[in-house]
K.L.:
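Structure provided below as structure tokens; questions to follow.
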Amino acid sequence: MNEKGREWEEAVAGRSAPGGGCPSGLRMSAVMRRKILVADDNAASRELIREVLETIGYDVVEAADGADAVARVRESAPGLVLVDIQMPHLDGYGVLRELRADPRLARLRVVALTAFAMQGDRERAIEAGFDGYITKPVEIAALRQEIERLL
Ligand SMILES: [Mg+2]
């Protein structure tokens, strides 16, 4: 693994600056802080979120399903992941479980995206371990606020 990859692993695992710096104790490089992975099986939804994020200055990596999302997190070292709950093969909860099962990714910020916002959905997502929750269609201000809270 190269130096950049190692730095990312240490940062998401929270080892490089225990308790120091940002509130979560997670120390991220400027590059990580600017990179967001968007996992959504709906191409139009993914594209819309990409446009919004790029407009406000983030670099975006896309994934079209849950398994793709897990693989791309490992190869692209994002600072935050937005995960659609309803996806084929591996849904958003499955993606979260896989990421959290890896000690190196246990503290990576993962935000749930859902088109079926019903009462209790947010609580269920937070209880499952998501760091945040955004409903679709995505409102630009809400998306921006949630990301800035976490990054
Ligand atoms: Mg979906």
Side-chain angles (χ1 to χ4, degrees), residues 1 4-5 7-14 22-26 28-151:
M1 183 184 300
K4 201 175 136 238
E7 187 182 297
W8 175 71
E9 285 196 347
E10 288 178 2
V12 293
C22 70
S24 67
L26 188 68
M28 289 189 279
S29 72
V31 173
M32 275 176 65
R33 214 178 279 275
R34 300 318 296 178
K35 192 186 289 184
I36 295 177
L37 186 134
V38 179
D40 193 325
D41 59 309
N42 182 313
S45 167
R46 225 163 50 224
E47 188 57 32
L48 177 74
I49 294 170
R50 171 194 275 279
E51 279 177 22
V52 170
L53 293 177
E54 287 181 345
T55 300
I56 56 182
Y58 292 98
D59 295 324
V60 175
V61 177
E62 295 183 32
D65 64 47
D68 191 26
V70 173
R72 281 178 196 270
V73 163
R74 295 207 164 96
E75 72 186 29
S76 64
L80 184 143
V81 183
L82 295 174
V83 188
D84 181 29
I85 292 292
Q86 293 87 20
M87 287 190 293
H89 311 308
L90 187 64
D91 71 5
Y93 284 102
V95 171
L96 181 72
R97 270 195 305 276
E98 290 223 3
L99 297 178
R100 295 297 191 232
D102 183 341
R104 297 167 306 168
L105 302 174
R107 300 180 70 176
L108 177 66
R109 282 76 182 271
V110 187
V111 175
L113 282 172
T114 181
F116 301 102
M118 292 188 294
Q119 202 158 23
D121 279 359
R122 176 185 293 271
E123 290 69 22
R124 202 168 306 128
I126 299 301
E127 197 163 302
F130 281 102
D131 298 294
Y133 178 90
I134 291 169
T135 55
K136 297 195 287 185
V138 169
E139 285 174 36
I140 296 173
L143 178 64
R144 185 172 194 165
Q145 188 181 25
E146 195 70 337
I147 289 168
E148 287 175 355
R149 178 175 74 83
L150 293 166
L151 274 181

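Only a predicted model underlies this, so the values are computations on that prediction, with no experimental measurement involved. Just follow the structure's listing: the first ligand is 1, and inside any ligand the first atom is 1.
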K.L.:
How is the N/O/S atom of Asp41 that comes nearest to the Mg ion (ligand 1) named?
P.N.:
OD1
K.L.:
For the Mg ion (ligand 1), does an N/O/S atom of Asp40 lie at less than 2.8 Å?
P.N.:
no
K.L.:
Tell me the angle that OD2 of Asp84 and O of Gln86 form around the Mg ion (ligand 1), rounded to 10°.
P.N.:
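The two atoms form an angle at the metal of about 80°.
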K.L.:
Nearest heavy-atom pair of Leu151 and Tyr58: which atoms, and what distance?
P.N.:
CD1-CE2, 3.8 Å
K.L.:
Do you know which of Val60, Asn42, Leu113, Ile140 makes side chain to side chain contact (heavy atoms under 4.5 Å, CB included) with Ile49?
P.N.:
Leu113
K.L.:
Within a 6.0 Å radius of atom CD on Glu54, are there more than 12 heavy atoms belonging to other residues, nucleotides or ligands?
P.N.:
yes
K.L.:
Under the salt bridge (Lys or Arg N to Asp or Glu O under 4.0 Å) test, which residues partner Glu62, sequence neighbours left out?
P.N.:
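Applying salt bridge (Lys or Arg N to Asp or Glu O under 4.0 Å) to Glu62 gives Arg46, Arg50.
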